[in-house]
Structure formats: C-alpha cells, structure tokens
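Have a look at the structure below before the remarks.
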Amino acid sequence: MSFPDRVYTTEEVKSAKALVDQGYKHNLTVEGTPEFTQKVNQALELIKTADYYDFLRTNIRKIMEIDGITQLRETEVAIWAGKFAVENPVDAASLFIQKAYHMKEYLEGELYYGGNAEKRSVAKCIEFLQTLKDKTSDKAVKEECERLLEMWKDSSLAF
C-alpha cells in the first residue's frame with residue numbers, strides 16, 4: 001500500500017492514517033528558490049537536533065515556497081511557506097512542528113483548527129522550543145529559543 005497522492009476523501013484519510021500508524025515516514029522534500037531551500041534546511045537541522053525530525057516527516061511530505069501566507073495544505077500533506085516565514089530558522093522550525101501537529105490531528109479526525117486546537121498546537125510548539133533549547137549546544141540558538149518562549153509566555157494562546 002502506498003501513501004495516497006492526496007488526503008481528502010474519507011478513504012484517503014483512512015489509508016493515510018493506517019500507514020502512519022504502521023510507522024510510515026515521508027521522504028520530506030523542499031521546493032523553492034535556493035535561498036528558501038537553504039533556510040528550510042537550516043530549520044530542518046534544528047528539528048533534527050531536537051529529535052523531532054521523524055515526527056515532522058511522519059506528518060509532512062513537502063515544504064514548498066509560495067508567494068503568500070504560510071499555511072498547511074492538508075490534502076497535499078504539505079506546508080506552503082512564504083519566504084518571510086523561514087527567515088529565522090528557530091522560528092521556522094517551531095512553525096513546521098506546529099503545522100505537523102495540525103496535520104497529525106487532521107489524520108486522526110480531530111478538530112485541528114480553532115481556539116482549543118490552536119492552544120494544543122502552541123503547546124506543541126512551546127514543547128519543541130524547550131526541547132531544542134535543552135539539546136542544542138549553539139548559544140545563539142539557545143538564546144533565540146528563550147526569546148521565542150518568552151514571547152509565547154506573554155501570549156494569550158500559551159498556557
């Protein structure tokens with residue numbers, strides 16, 4: 001059984017969920033300009049440092065550059081990201097984990113958008129930033145994690 005080209009119908013979602021439950025991992029691809037690809041790869045290295053790479057590629061198959069607002073494309077199992085979303089590799093990494101969490105909830109049939117879902121995904125983002133801060137030896141990355149964690153702490157979405 002191969003992963004569906006799209007994940008839209010009930011059958012496609014069931015098939016995708018069954019594969020993920022069996023341990024399926026995507027061969028994550030990045031599409032975009034060389035600068036975009038370089039920035040995404042920096043974020044992916046941070047995701048690997050925090051040991052979240054398998055989580056990401058379980059739930060996301062592609063990160064693609066677009067000229068617009070960053071969004072999860074559930075039916076494509078992809079993140080469409082604008083160039084500004086990847087300027088800061090630490091922030092981009094946490095955004096990718098947040099979108100992967102949304103995709104996980106989509107496959108599980110959970111309500112993956114709205115107030116409570118946003119709080120859950122923000123909690124996952126905060127967990128990722130804390131883990132990255134604890135696991136990295138790069139002082140600048142630690143400081144950026146601390147800065148972002150402080151911003152989330154001040155946010156009404158964080159709890």
Side-chain angles (χ1 to χ4, degrees), residues 3-8 12-13 15-17 19-21 23-33 35-133 135-136 141 144-145 147-149 151-153 155-159:
F3 203 88
D5 289 334
R6 66 182 191 144
V7 182
Y8 181 69
E12 290 164 344
V13 171
S15 174
K17 173 78 170 106
L19 285 167
V20 164
D21 287 348
Y24 182 88
K25 306 276 186 273
H26 296 285
N27 182 15
L28 185 64
T29 59
V30 179
E31 293 179 11
T33 62
E35 182 182 358
F36 177 84
T37 302
Q38 177 190 21
K39 297 274 189 185
V40 169
N41 284 332
Q42 289 172 349
L44 293 177
E45 285 305 314
L46 296 173
I47 290 169
K48 289 174 184 174
T49 297
D51 292 328
Y52 275 69
Y53 191 67
D54 279 347
F55 174 77
L56 180 68
R57 65 189 194 103
T58 295
N59 296 292
I60 300 295
R61 91 167 114 211
K62 178 171 43 174
I63 300 171
M64 188 171 100
E65 182 177 18
I66 60 160
D67 186 17
I69 296 174
T70 299
Q71 57 188 289
L72 173 65
R73 299 295 296 186
E74 297 87 354
T75 60
E76 297 174 30
V77 193
I79 298 170
W80 285 7
K83 66 180 180 180
F84 299 112
V86 298
E87 277 302 308
N88 175 334
V90 175
D91 199 25
S94 67
L95 175 68
F96 295 159
I97 294 304
Q98 197 172 8
K99 296 297 183 193
Y101 189 74
H102 285 189
M103 188 68 207
K104 176 182 183 290
E105 288 198 332
Y106 173 81
L107 289 177
E108 292 173 348
E110 299 286 328
L111 186 60
Y112 61 97
Y113 55 87
N116 288 334
E118 280 300 315
K119 284 187 176 190
R120 289 190 305 272
S121 72
V122 165
K124 192 69 171 177
C125 176
I126 290 168
E127 173 190 295
F128 167 78
L129 288 168
Q130 188 63 56
T131 302
L132 177 59
K133 180 181 140 189
K135 291 192 174 198
T136 188
V141 171
E144 185 58 16
C145 287
R147 187 185 76 78
L148 291 169
L149 286 165
M151 283 177 56
W152 279 118
K153 185 176 155 189
S155 166
S156 62
L157 283 175
F159 51 95

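Positions are given from 1, in the same order as the sequence printed here. What's counted below: heavy atoms across the whole structure, side chains too, no hydrogens, waters or symmetry copies.
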- prompt: Just wondering, do Y52 and K135 contact through their side chains at under 4.5 Å, heavy atoms?
  reply: no

task: Taking all non-hydrogen atoms of both residues into account, name the closest pair between V7 and Y106 and its distance.
output: O-OH, 2.8 Å

- prompt: CG/L56 to CD1/I79 distance, rounded to the nearest 0.5 angstrom?
  reply: 6.0 Å

task: Can you see which heavy atom on L107 is nearest to which on A16, and at what distance?
output: CD2-CB, 3.8 Å

task: Under the side chain to side chain contact (heavy atoms under 4.5 Å, CB included) rule, what do E118 and Q98 come out as? Steps first, then yes or no, please.
output: CA-CA 9 Å; E118 280 300 315; Q98 197 172 8; 4.1 Å; yes

Least distance between heavy atoms, A100 atom then F55 atom: CB-CE2, 3.7 Å

message: So L44 and I63, do their side chains get closer than 4.5 Å, heavy atoms only?
response: yes

- request: For F3, enumerate each residue passing the ring pair (Phe, Tyr, Trp, His ring centres under 6.0 Å) test, keeping only those at least two apart in sequence or located in another chain.
  value: Y24, H26

field: Closest approach of S121 to Y101 (non-hydrogen atoms, all atoms of both residues)
entry: CA-CD2, 3.7 Å

field: Shortest non-hydrogen contact between L95 and A85, atoms and distance
entry: CD2-CB, 4.1 Å

- request: Report the distance from atom CG of L46 to atom CD of E144, rounding to the nearest 0.5 Å.
  value: 10.5 Å

message: Do E35 and K83 have side chains that approach each other closer than 4.5 Å (heavy atoms only, starting at C-beta)?
response: no

task: Using a strict 4.0 Å threshold on nitrogen-to-oxygen distance, state whether K48 and D51 make a salt bridge.
output: no

- request: Any chance you could measure L149, atom CG, to L129, atom CG, to the nearest 0.5 Å?
  value: 5.0 Å

E108, CD atom: more than 12 neighbouring heavy atoms under 6.0 Å: yes

query: About how many Å separate CG of L72 and OG1 of T70, when rounded to the nearest 0.5 Å?
result: 11.0 Å

message: side chain to side chain contact (heavy atoms under 4.5 Å, CB included) for F96 and I60? Distances and angles first, verdict last.
response: CA-CA 9 Å; F96 295 159; I60 300 295; over 6 Å; no

task: Begin with the C-alpha distance, continue with both residues' side-chain angles, and end with the deciding distance and a verdict on side chain to side chain contact (heavy atoms under 4.5 Å, CB included) for I66 and F36.
output: CA-CA 10 Å; I66 60 160; F36 177 84; over 6 Å; no

query: More than 12 heavy atoms of other residues, nucleotides or ligands under 6.0 Å from NZ of K17: is that the case?
result: yes

message: Quick check: closest heavy atoms across L19 and P4, and the distance to 0.1 Å?
response: CD1-CD, 4.4 Å

With sequence neighbours excluded, residues passing side chain to side chain contact (heavy atoms under 4.5 Å, CB included) with Q42: Q38, K39, P89

- prompt: Nearest 0.5 Å, what's the CD-CG distance between E76 and D5?
  reply: 11.0 Å

- prompt: How long is the gap from CZ on R147 to NZ on K133, to the nearest 0.5 Å?
  reply: 14.0 Å

message: I'd like to know if E31 pairs up with K62 as an ion pair, taking the criterion as any Lys NZ or Arg NE/NH1/NH2 lying under 4.0 Å from an Asp or Glu carboxylate oxygen.
response: yes

